[in-house]
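A short worksheet on the structure shown next.
All figures in this text were calculated on a predicted structure; none of them were measured in a lab. Every heavy atom of this structure was used, including side-chain atoms; hydrogens, water molecules and symmetry mates were not.
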Amino acid sequence: MKKIVLAALLLLAPCAHAMPTLTGGLIQSINSDRAIYSQGATATVTVTLHNTLQSSFSGTLMANVTGRGNQIGSPITAMVNSIPAGATQTVTLSIPVPQNGNYRGYLVDIAASGSAGVVDEQTTALDVSPDWTIYPRQCWLTATWTGWPYHSPQVTSSPEANAADFNAWHCNNLQFFNMIYRWHRPYVDSMVYVNGDQLTQDQRLIMRSIGAAHNFGMGTLAYIPMYSVNSDAMQPNFLNDGSGVQLQWGMFLNYTCGGACKLTDMASFGGGSAATSSIGLMDPTNTNWQAYWAQQVSLWLKKYGFDGVFIDTYGTQPQLYNFQGHGIDYSHMLSGFTNMAVSALNAPVVLNGAASWLEQDQATNSHEAYHFREVWDHPDDITSYDGFHALSRNVWSWANRTPHNVGLDWDMGLDKVLGNQSQCQNAPLTKCTFGLPGALYLEASIMATGAHHNWLTDGDRFISNDDYPFWMTVGTTPAFIQAEYDYQTFGVAYEKLLRDNISDSTNTHSAVTGVSSNITATTGNVWQLEFHRSGFDILHLINFTSMNATQMGDVQDPNGDYPAPETRTNVAVKMYRTGTGTLGKLYIASPDTSHGKAQQLPYTTGSDSGGWFITFTVPSLKYWDMIWLENGVGSSDYAAP
C-alpha cells in the first residue's frame with residue numbers, strides 16, 4: 001500500500017516536449033504517437049535533435065526496425081537540414097508497423113549520419129499489441145493538484161506534455177493516484193476540491209490528463225483502496241457525512257463487542273481504533289459494503305472517463321471480526337472482491353495485495369487485468385535478487401492462463417535509506433541522486449524474470465522509498481536517465497522473449513567459463529537464468545561479480561552505494577539446448593551495449609553426457625546480456641519476427 005500522504009506536480013501551463021533527455025551529441029529525445037500499435041498501422045516517431053557537437057550538422061536520420069534481431073523492411077531515411085551548434089530541430093519519421101502478429105515488440109535503431117559518418121545513435125521500441133494487459137507497464141500519474149499545505153509543486157508542465165513524457169518512457173497504462181475526494185466517496189461534483197490529504201485537486205487537470213493519456217492509447221486506472229473510510233480524525237467521519245456507510249459493515253479488533261460494536265472497536269489503517277485514526281477499515285466480504293463501493297466507483301469512472309480501477313490494500317492483516325463477532329474469512333477475500341468489481345464495473349481491475357499474503361488465491365481465482373505486486377525486501381517477501389524469479393514462476397503457475405499467461409508488474413522503490421535523509425527531501429533535489437548500479441541490478445533482475453518495474457512517476461522521477469510516489473524522491477543524473485531509458489526500451493523491443501509464455505528450461509544448466517557463475521543470484525557470481533519459449537532457448541547472464549553478501553541481501557540498494565560490475569569480455573559459454581528442433585541463428589542483446597541492438601553470434605554444436613549443446617563466446621558482459629537460440633522456430637508462434 002502506498003501511504004496516502006502525497007504531493008505531486010502542478011500541471012497548468014503548456015511547455016516544450018517533456019521527455020527523457022538522452023546523452024548523445026545530437027539526438028536529444030525520441031517519442032512515438034502511441035503506446036501500443038495495431039498491425040499494419042503507421043507509427044509516427046518524433047526525434048528531437050539538439051546539436052551539442054562542435055560545428056553545424058547536416059545529414060540524414062536513418063531508422064532500422066528489427067524484430068528479435070531480424071531486419072524488418074527497408075530503412076526509413078529523413079534529411080536533416082543544417083543545424084547550427086546549440087540549435088534544436090525536430091524530425092518526424094513514418095514507420096510502417098509490421099503485420100507479423102500481435103504481442104511482439106520491435107527495436108527501432110535511429111542513426112544520425114553526416115559527412116564523416118555516424119555522429120549519434122539511439123533506439124526506441126514499438127509494441128504491437130491489441131491491449132496493455134499482457135505486457136503491463138504501469139506508471140504513476142499524480143500531477144493534478146494545485147496546492148498542499150506541506151509542499152509546493154516542483155515542476156510545471158501541461159497534462160498533454162506529461163502524458164507525452166510517460167509515453168516516451170514506454171508506459172502503457174497510468175495509475176491516477178490519490179485523486180479521490182474521500183476514501184469512501186471518490187467523486188464530488190466540484191471542479192476544485194480538497195481531499196483527505198489536504199491536497200487541492202483540480203477536476204479539469206484530471207480530465208485533461210485522462211484525455212491526453214487516451215490520445216497515446218494508454219490505459220487509465222483510478223486509484224482507490226478496497227476497504228477505507230474517513231474516520232474520526234477526518235471530520236465529518238463516515239457516520240456523519242450523509243454517505244450512508246454503516247458501522248455494521250466494518251472490521252473490528254476483537255469479537256467481544258459482537259452485535260454491539262462501536263467506532264472505538266473498529267479497526268483502522270496502521271492498527272488500533274478507528275476512533276483515533278483518519279482511516280477506518282470496512283469488511284471487504286460484506287455484500288452491503290461491496291454494493292456501496294461499486295456504486296460509488298462506477299459513478300466516479302463514468303464522470304471522469306477512467307478505463308478501469310486500481311484497488312489498493314494494506315497488506316497482511318491480523319484476524320479481524322465482523323459486526324456479529326465472527327472471524328472474517330480471508331481465504332478468498334482479494335479474489336472475491338476483484339471479481340465483484342470486474343462484474344459490477346464492467347472494466348479492467350488491477351489489485352495490489354501489497355504482500356505475498358493471499359497472493360496464490362488472487363493469481364489463481366481472480367479476473368484481474370494483470371498481476372500487480374508491491375514488493376518489499378522483507379524476510380517474508382523478496383530477500384534476494386532471485387526472489388523475483390521465484391515470484392514470477394509462482395504467479396504464472398498459479399494463474400496458468402492461455403493462450404497468454406498473466407502480465408506481471410512489480411512495484412519497488414530504491415535507495416530508501418538515502419531517500420529518507422533530510423538533505424534528500426528538500427527542493428530542489430540536487431544533493432542526492434540514485435545509485436546507478438543498484439538501479440540496473442534491480443532492473444535486470446526484474447526484467448529478466450518476466451516483469452515490468454513500476455517506479456516511474458511524473459517529471460522523470462523514480463520512487464526512492466517504500467511509500468511515496470511523489471516529491472520526496474531522490475534525484476537522477478543524465479547517465480541514470482539514459483541507462484533507464486535504454487532498459488525500458490529493451491523491455492519493449494524484446495517483450496515476447498522476456499514476458500510472454502516463458503518457462504524455466506528443462507535442459508542441463510549451461511556453463512560459463514572464465515568467470516565465476518551460479519544458477520542462483522549469489523555473491524561474486526554471474527547469475528545464469530535459462531528459459532524456454534516455443535521456438536527458442538533463452539539464457540540471461542547478470543553480472544554480480546562485484547557484489548558482496550550484504551549487498552546481495554537487500555535488492556533496494558538502500559544507501560545508493562552498490563558497486564558497478566567489472567565488465568567481462570570474451571566469456572566462453574556452453575549452452576545446452578532443449579528438444580530436437582532445427583537449430584537456427586544465435587543472438588545476443590543487452591541494454592548496456594549499443595542501446596539494445598542485437599548481434600548475431602557464431603556457434604559450434606556438440607554433445608556429452610548432459611545432452612546436446614552449443615558453444616560460443618560472449619563479446620562483453622556489463623550488467624546484463626540476453627542470449628537466444630532459434631530452436632524449432634518454424635513451428636513457433638514467433639516464427640515471423
Side-chain angles (χ1 to χ4, degrees), residues 64-73 75 100 104-107 109 111 118 121 123 444 448 486 490 493-494 496-498 502 505-517 519 526-543 545 565-636 638-641:
N64 278 290
V65 180
T66 57
R68 59 171 176 79
N70 294 268
Q71 179 77 30
I72 307 294
N100 293 336
R104 59 195 66 199
Y106 295 91
L107 189 76
D109 175 67
V118 176
E121 192 169 9
T123 59
D486 286 337
F490 188 88
Y494 299 103
K496 202 171 183 71
L497 294 173
L498 289 166
I502 310 298
S505 181
T506 58
N507 64 11
T508 304
H509 284 287
S510 302
V512 177
T513 60
V515 61
S516 182
S517 62
I519 61 173
V526 170
W527 184 17
Q528 300 170 213
L529 278 160
E530 291 193 79
F531 299 125
H532 180 77
R533 81 167 319 280
S534 174
F536 301 89
D537 288 326
I538 303 163
L539 174 65
H540 297 278
L541 303 178
I542 301 178
N543 187 0
T545 55
E566 177 186 349
T567 299
R568 306 292 177 160
T569 59
N570 298 321
V571 178
V573 177
K574 177 183 180 181
M575 177 178 172
Y576 285 88
R577 59 167 297 183
T578 59
T580 59
T582 301
L583 297 186
K585 298 175 183 178
L586 177 71
Y587 291 96
I588 186 172
S590 171
D592 309 314
T593 304
S594 301
H595 306 292
K597 288 172 61 178
Q599 175 185 351
Q600 188 177 345
L601 296 178
Y603 65 90
T604 59
T605 61
S607 65
D608 59 17
S609 59
W612 290 93
F613 60 83
I614 64 170
T615 57
F616 57 93
T617 300
V618 170
S620 69
L621 170 63
K622 191 174 182 181
Y623 289 93
W624 171 33
D625 286 346
M626 181 173 73
I627 300 147
W628 63 98
L629 173 67
E630 296 177 347
N631 181 8
V633 69
S635 58
S636 168
Y638 203 10

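- When atom types are taken as modelled, the side chain of Arg104 and the backbone of Ala640 share a donor-acceptor pair closer than 3.5 angstrom.
- Annotation: side chain of Gln599 is in contact with side chain of Pro619 (closest heavy-atom distance under 4.5 Å).
- Atom NE2 in His532 sits 7.5 Å away from atom OG1 in Thr506 (nearest 0.5 Å).
- A pairwise comparison of heavy atoms in Ser505 and Thr578 identifies OG-CG2, 3.5 Å as the closest pair.
- Side-chain contact check for Thr123 versus Phe490: every heavy-atom pair is 4.5 Å or farther apart.
- Scanning all heavy atoms of the two residues, the minimum distance from Ile538 to Leu497 falls at CD1-O, 3.4 Å.
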Candidate pair Val512 and Val571, rule side chain to side chain contact (heavy atoms under 4.5 Å, CB included), full reasoning: CA-CA 7 Å; Val512 177; Val571 178; 3.3 Å; yes
Could you give the side-chain donor-acceptor pairs of residues 600-612 under 3.5 Å, partners two or more places apart or in another chain?
from: Tyr603; atom 1: OH; to: Gly584; atom 2: O; distance (Å): 2.6
from: Thr604; atom 1: OG1; to: Thr615; atom 2: OG1; distance (Å): 2.5
from: Asp608; atom 1: OD1; to: Tyr576; atom 2: OH; distance (Å): 3.0
from: Asp608; atom 1: OD1; to: Gly610; atom 2: N; distance (Å): 2.8
from: Asp608; atom 1: OD1; to: Gly611; atom 2: N; distance (Å): 3.4
from: Asp608; atom 1: OD2; to: Lys574; atom 2: NZ; distance (Å): 2.6
from: Asp608; atom 1: OD2; to: Tyr576; atom 2: OH; distance (Å): 2.8

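- Phe536 is listed as a side-chain neighbour of Val633, based on a closest heavy-atom distance under 4.5 Å.
- Atom-to-atom distance recorded for Leu541:CG and Met575:CE is 9.5 Å, nearest 0.5 angstrom.
- Side-chain contact between Tyr638 and Ser534: absent, with no pair of heavy atoms (C-beta onward) separated by less than 4.5 Å.
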CA sep, side-chain torsions, deciding dist, call: Ser510, Glu530, side chain to side chain donor-acceptor pair (under 3.5 Å): CA-CA 8 Å; Ser510 302; Glu530 291 193 79; 2.8 Å; yes
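- Put simply, CG on Leu107 and CG on Asn70 are 12.5 Å apart, with the number rounded to the nearest 0.5 Å.
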Side chain to side chain contact (heavy atoms under 4.5 Å, CB included) between Leu498 and His540, intermediate numbers included: CA-CA 10 Å; Leu498 289 166; His540 297 278; 3.6 Å; yes
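- A side-chain contact (heavy atoms from CB on, under 4.5 Å) with Ile614 holds for exactly one of Leu586, Asp537, Val573; it is Leu586.
- By the 4.5 Å heavy-atom criterion applied to side chains, Asn100 and Ile72 are counted as neighbours.
- Going from atom CD of Glu630 over to atom OH of Tyr587 covers 5.5 Å, rounded to the nearest 0.5 Å.
- Side-chain contact between Lys622 and Asn543: absent, with no pair of heavy atoms (C-beta onward) separated by less than 4.5 Å.
- Side-chain contact check for Asn507 versus Phe613: every heavy-atom pair is 4.5 Å or farther apart.
- At a threshold of 4.5 Å between non-hydrogen side-chain atoms, the residues Asn64 and Lys597 do not count as touching.
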Gln528/Ser517 under side chain to side chain donor-acceptor pair (under 3.5 Å): CA gap, chis, key distance, verdict: CA-CA 7 Å; Gln528 300 170 213; Ser517 62; 2.6 Å; yes
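- The nearest pair of heavy atoms linking Arg533 to Lys496 is NE-O, 3.0 Å.
- Nearest heavy atom pair, residue Leu529 against residue Ala448, reads CD1-CB, 4.2 Å.
- The heavy-atom pair separating Ala598 from Gly69 by the smallest distance is CB-CA, 3.7 Å.
- Rounded to the nearest 0.5 angstrom, Trp628 CH2 and Ile588 CD1 are separated by 8.5 Å.
- Of all non-hydrogen atoms in Leu629 and Leu583, the two that sit nearest each other are CD2-CD2, 3.8 Å.
- With rounding to the nearest 0.5 Å, the separation of CG in Asp625 from CZ in Arg568 is 13.0 Å.
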